[in-house]
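Heads up: the structure comes next, in structure tokens.
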Amino acid sequence: MTTINYMPKGVCARKMEIDVEDGIVKDFRILGGCHGNGQGVAALVRGMKVEDVINRLEGIRCGSKASSCPAQLAQALKENYNG
């Protein structure tokens, strides 16, 4: 299992931890940011293929911000997972 530690940019969350095994997201945790949204995103992406998470979440914005926690999760996987 690979654990990705990522410092998101442009969002409320301070840190993201993503556990990936065999190309599947096993767990996702957000430190800081909206707790309920973090739990919701985590519940939705658990069990998904990394490529599917990236395709579904990339480009999502949060209000007037250029990014969002879901988009930052996609970015973290793009930058750090070489499965």
Side-chain angles (χ1 to χ4, degrees):
M1 177 154 353
T2 300
T3 298
I4 298 167
N5 291 296
Y6 185 73
M7 302 304 204
K9 298 157 194 77
V11 297
C12 300
R14 295 183 311 273
K15 183 178 179 184
M16 296 180 171
E17 298 173 347
I18 310 130
D19 295 331
V20 179
E21 184 174 42
D22 298 325
I24 304 293
V25 176
K26 295 296 184 179
D27 201 8
F28 172 60
R29 297 167 299 282
I30 295 179
L31 290 97
C34 303
H35 185 67
N37 288 339
Q39 286 182 316
V41 171
L44 292 170
V45 300
R46 267 187 218 110
M48 285 182 65
K49 292 180 183 179
V50 168
E51 298 81 18
D52 292 340
V53 172
I54 292 168
N55 289 333
R56 287 188 182 193
L57 302 182
E58 191 171 39
I60 293 175
R61 295 177 55 149
C62 182
S64 62
K65 296 178 183 176
S67 191
S68 67
C69 288
Q72 287 295 294
L73 168 57
Q75 189 64 34
L77 292 169
K78 281 178 70 171
E79 289 180 12
N80 296 286
Y81 185 72
N82 300 314

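Note that these values count all heavy atoms, side chains included, but never hydrogens, waters or copies made by symmetry. Along the sequence shown, residues carry numbers from 1.
Of the possible polar contacts, none joining the Asp52 side chain to the Met48 backbone as a donor-acceptor pair under 3.5 Å is found. In this structure, the side chain of Tyr81 engages the main chain of Gly23 through a donor-acceptor pair within 3.5 Å.
Around the CZ atom of Arg29, the shell of radius 6.0 Å holds more than 12 heavy atoms that belong to other residues, nucleotides or ligands. Within a 6.0 Å sphere centred on CZ of Arg14, heavy atoms belonging to other residues, nucleotides or ligands number 12 at most.
Here CZ of Arg56 is found 11.5 Å from NZ of Lys49. Values are rounded to the nearest 0.5 Å. Taking NZ of Lys15 as the start and CE of Met7 as the end, the distance is 5.5 Å to the nearest 0.5 Å. To the nearest 0.5 Å, atoms OG1 (Thr3) and NZ (Lys26) are separated by 12.5 Å. Atom CD1 of residue Ile30 and atom NE2 of residue His35 lie 10.0 Å apart, to the nearest 0.5 angstrom. With rounding to the nearest 0.5 Å, the separation of CD in Glu58 from CG in Leu77 is 10.5 Å. Distance check: Ile24 CD1 to Glu51 CD gives 8.0 Å after rounding to the nearest 0.5 Å.
Cluster annotation: Leu57 and Val11 are assigned to distinct hydrophobic clusters (Ile/Leu/Val/Met/Phe/Trp/Tyr, side-chain heavy-atom contacts under 4.5 Å, transitive). Hydrophobic cluster membership differs between Leu31 and Phe28, with clusters built from Ile, Leu, Val, Met, Phe, Trp and Tyr side chains linked at under 4.5 angstrom. Linking ILVMFWY residues whenever their side-chain heavy atoms come closer than 4.5 Å, directly or via other members, places Ile54 and Val45 in the same cluster.
Screening Asn80, Asp19, Val25 for a side-chain contact (heavy atoms from CB on, under 4.5 Å) with Ile4, the sole residue that qualifies is Asn80.
Closest of all the heavy-atom pairs between Ala13 and Pro8 is O-CG, 3.3 Å. Closest approach of Val41 and Pro70 over heavy atoms only: CG2-CG, 4.0 Å.
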Exercise for the section: Step by step, work out the side chain to side chain contact (heavy atoms under 4.5 Å, CB included) result for Gln75 and Ser67. Expected result: CA-CA 10 Å; Gln75 189 64 34; Ser67 191; over 6 Å; no
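Annotation: side chain of Met16 is in contact with side chain of Cys69 (closest heavy-atom distance under 4.5 Å). Side-chain contact between Ile18 and Asp27 is absent, with no heavy-atom pair separated by less than 4.5 Å. For the pair Tyr6 and Glu17, the minimum side-chain heavy-atom distance is 4.5 Å or more.
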